[in-house]
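Because the structure is a prediction, the values reported are computed rather than measured.
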Amino acid sequence: MEMYEYNRLVTGLPQHQIEDMLLQRMQKEGGEKDPTNSVRDTNTTELKGELAMTMGLQLRRAYVNSIGVLDNGTLISGLDDGHVQFWRRGEMVKDARHTGGCVDEVVIFPSSG
């Protein structure tokens, strides 16, 4: 598999390859033909068992306790030092501090739109 370096922190599959894999999966299972459609069948739009991205460099001493992905592709990570990080296309777009301490779990609710 071809790996792409998004930045010094993140390497992974190029976005077009991820979308192609999702499209092939959806077509194989007879699902929606548009992988960017906001209303999706999660069985055909997940890359279970595939290594799509790695986030390598240690930024600080904290463990990632939980990861979630929003419908728009934004990855959210909850760390044991109380930080909640938002990642988009391999770049951290926001780092928020949870005042209650450790973030045990990130829970994503489906959008109603």
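Residues passing the side chain to side chain donor-acceptor pair (under 3.5 Å) test with Q15 are E19, sequence neighbours excluded. Scanning for side chain to side chain contact (heavy atoms under 4.5 Å, CB included) contacts around R89 gives an empty result, with sequence neighbours left out. Considering only residues two or more places apart in sequence or on other chains, D20 meets the side chain to side chain contact (heavy atoms under 4.5 Å, CB included) condition with H16. When the side chain to side chain donor-acceptor pair (under 3.5 Å) test is applied to S66, no partner is found at least two apart in sequence or on another chain.
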*Could you walk me through whether V103 and N65 pass side chain to side chain contact (heavy atoms under 4.5 Å, CB included), step by step?*
CA-CA 7 Å; V103 178; N65 287 336; 5.5 Å; no
*I76 and V84: CA distance, side-chain angles, deciding distance, side chain to side chain contact (heavy atoms under 4.5 Å, CB included) verdict*: CA-CA 7 Å; I76 302 174; V84 177; 3.7 Å; yes
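Rounded to the nearest 0.5 angstrom, Q85 CD and L79 CG are separated by 5.0 Å. For the atom pair CZ (R88) and CG (L70), the distance works out to 9.0 Å, reported to the nearest 0.5 Å. Distance check: D81 CG to C102 SG gives 8.5 Å after rounding to the nearest 0.5 Å. Residue T74 holds its OG1 atom at 12.5 Å from CH2 of W87, rounded to the nearest 0.5 Å.
Between the side chain of D80 and the backbone N or O of Y63, at least one donor-acceptor pair lies under 3.5 Å.
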